[in-house]
Amino acid sequence: MSRYWSDIVHRLTPYVPGEQPALAHPVKLNTNENPYPPSPRVLDAIRRELGDTADALRRYPDPSARKLRETVAAYHGIRADQVFAGNGSDEVLALTFQALLKHDKPLLFPDITYSFYPTYAKLFEVDYRTVPLDDRFAINVDDYAVPNGGILFPNPNAPTGRPLPLAEIERLVASHPDAVTVIDEAYVDFGAESAIGLIDRYPNLLVVQTVSKSRSLAGMRVGFAFGDAALIDALNRVKNSFNSYPLDRLAQAAATAAYEDDAWFRECCAKVIASRERLAAELTALGFEVVPSAANLLFARHERYDAATLASQLREKEIFVRHFNAPRIDQYLRISVGTDAECDVLLDALRGIFSTYVG
Ligand SMILES: *Cc1c(COP(=O)(O)O)cnc(C)c1O
């Protein structure tokens, strides 16, 4: 604390990201990174952008990331003016809070969801209410039928991985025409249905995606919003009042190349999905209750073992999973889906912990 701090700094509750351990070979199942490398075309594109002398880096990047947006728009069968590109979807969400979600009526999001949402709400002084998930951690769209200045949740939800059918999302968006509904699709490529196909029909729908998870580019920081051109315009107005160049040249080249290699993307997603199903079955056999997941993560609790203790015992073995000390979910672990080999290391460690437990 310092007398130099502005008022708002005193009131913030900063988001705490998962640990990035300084170890040579951690089994890192705590931040939902992809266990597979990005397409080889990404490396080629970065090399091409740099050339022999990195001369391109003298110049500012394209402030509007036009080529990237055109590539991604063509990929999804929409127009480039329906695409916004930002420095990771976290930044896209931050701009969305300011541009579209700050109104007199409160923003609604689930009680159990991505913990960055309340952080942004405090930073941008957006009034919000949380709407409880049901006891199976499902979103019931009828619970959102209260006056609101916007609705926001991930599909699949975080940190549970539980998906909501597209028909339910359409029902929600159709029944709230006076405010923007934002669907955060950070994990959609691992088995849920995207709402991008609805943006032409619903001018109040914004869909947010990222290359961090399904395209293995968390280190590049690229995210998108898809929606009616007027919504994208609002994001651009805020962006251009804050940072004209959120995406550097290498990030634009890398993300463009990632979208140009659809076969690689599909193969990585299929491998992660297969490993998820296998890991879910093995965890269930070990006595875990696993929430049905359409993401690259599993949310699970054990009938007998305390989650925080398990997380710290795994950590001693250099296996990292995420534990949230929060109401309703403090007995759960969020486990990112790694390679089958990484999942096996985790399962062996759990078997070891359970076999030595004297309780
Ligand atoms: C990972 C994640 C993000 C952030 O992704 P970046 O593009 O890496 O900033 C946003 N929303 C949810 C729900 C996430 O899990």
Side-chain angles (χ1 to χ4, degrees), residues 14-20 28-35 38 42 65 68 72 83-97 101 107 109-121 123 130 133 137 139 151-164 169 181-192 194-195 206-226 235 239 243 246-248 251-252 254-255 258-259 265 269 272 276 291 293-299 320-322 324 326 329 332 334-337:
Y15 176 78
V16 183
E19 188 177 357
Q20 296 290 353
K28 225 183 138 291
L29 306 176
N30 66 338
T31 54
N32 304 334
E33 290 147 333
N34 200 301
V42 167
L68 172 59
V72 174
V83 182
F84 177 84
N87 192 267
S89 59
D90 284 340
E91 186 192 73
V92 174
L93 288 164
L95 299 174
T96 301
F97 267 75
L101 299 177
L107 169 67
F109 51 78
D111 62 336
I112 298 166
T113 194
Y114 188 34
S115 50
F116 228 131
Y117 300 160
T119 296
Y120 286 137
L123 175 61
T130 58
L133 299 180
F137 293 153
I139 289 171
I151 297 171
L152 165 65
F153 57 81
N155 188 40
N157 195 13
T160 62
R162 188 185 267 284
L164 187 67
I169 288 176
T181 293
V182 180
I183 308 297
D184 178 353
E185 295 189 336
Y187 303 107
V188 77
D189 299 320
F190 299 107
S194 175
L206 193 78
V207 177
V208 175
Q209 290 196 356
T210 175
V211 298
S212 294
K213 278 77 182 224
S214 58
R215 287 187 170 79
S216 306
L217 286 175
M220 270 298 178
R221 315 305 305 126
V222 180
F224 303 100
F226 305 102
L235 292 172
K239 172 220 154 211
N243 178 4
L247 289 182
D248 66 59
Q252 293 187 32
Y259 276 88
F265 160 74
C269 289
V272 169
R276 175 185 74 215
V291 178
S293 170
N296 64 336
L297 59 94
L298 292 172
F299 202 54
F320 295 81
V321 299
R322 194 95 201 252
F324 296 95
I329 59 170
Y332 283 81
R334 192 197 68 188
I335 304 167
S336 309
V337 177

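Computed from a predicted structure; not experimentally measured. Counting begins at 1 with the first residue of the sequence. Just follow the structure's listing: the first ligand is 1, and inside any ligand the first atom is 1.
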Any chance you could measure Thr210, atom OG1, to Leu93, atom CG, to the nearest 0.5 Å?
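Nearest 0.5 Å value for the OG1-CG distance: 9.5 Å.
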
My understanding is that only residues two or more places apart in sequence, or in another chain, count here; which of them pass side chain to side chain contact (heavy atoms under 4.5 Å, CB included) with Asp111?
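Asp111 satisfies side chain to side chain contact (heavy atoms under 4.5 Å, CB included) with Thr130, Pro132, Leu133, Arg328 once adjacent residues are dropped.
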
Mind checking side chain to side chain contact (heavy atoms under 4.5 Å, CB included) for Ala258 and listing every partner two or more places apart, or none if nothing turns up?
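Residues passing side chain to side chain contact (heavy atoms under 4.5 Å, CB included) with Ala258: Val42, Arg215, Leu217.
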
Could you go step by step and tell me if Lys28 and Glu33 meet the salt bridge (charged side-chain N to carboxylate O under 4.0 Å, His left out) rule?
CA-CA 8 Å; Lys28 225 183 138 291; Glu33 290 147 333; 2.8 Å; yes

As a quick check of understanding, evaluate ring pair (Phe, Tyr, Trp, His ring centres under 6.0 Å) for Phe109 and Phe153, giving each step before the final call.
CA-CA 6 Å; Phe109 51 78; Phe153 57 81; over 10 Å; no

Distances for all N or O pairs of ligand 1 and the protein under 3.5 Å?
from: ligand 1; atom 1: 5 (O); to: Ser89; atom 2: OG; distance (Å): 3.0
from: ligand 1; atom 1: 7 (O); to: Ser89; atom 2: N; distance (Å): 2.6
from: ligand 1; atom 1: 7 (O); to: Ser89; atom 2: OG; distance (Å): 2.9
from: ligand 1; atom 1: 7 (O); to: Thr210; atom 2: OG1; distance (Å): 2.5
from: ligand 1; atom 1: 7 (O); to: Ser212; atom 2: OG; distance (Å): 3.3
from: ligand 1; atom 1: 8 (O); to: Ser212; atom 2: OG; distance (Å): 2.6
from: ligand 1; atom 1: 8 (O); to: Arg221; atom 2: NH1; distance (Å): 2.7
from: ligand 1; atom 1: 8 (O); to: Arg221; atom 2: NH2; distance (Å): 3.4
from: ligand 1; atom 1: 9 (O); to: Ser89; atom 2: N; distance (Å): 3.2
from: ligand 1; atom 1: 9 (O); to: Asp90; atom 2: N; distance (Å): 2.9
from: ligand 1; atom 1: 9 (O); to: Asp90; atom 2: OD2; distance (Å): 3.3
from: ligand 1; atom 1: 9 (O); to: Arg221; atom 2: NH2; distance (Å): 2.7
from: ligand 1; atom 1: 11 (N); to: Asp184; atom 2: OD1; distance (Å): 3.3
from: ligand 1; atom 1: 11 (N); to: Asp184; atom 2: OD2; distance (Å): 2.6
from: ligand 1; atom 1: 15 (O); to: Tyr187; atom 2: OH; distance (Å): 2.5
from: ligand 1; atom 1: 15 (O); to: Lys213; atom 2: NZ; distance (Å): 3.0

Those residues that, when tested against Glu91, pass salt bridge (Lys or Arg N to Asp or Glu O under 4.0 Å) (two or more places apart)
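Glu91: no salt bridge (Lys or Arg N to Asp or Glu O under 4.0 Å) contacts found.
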
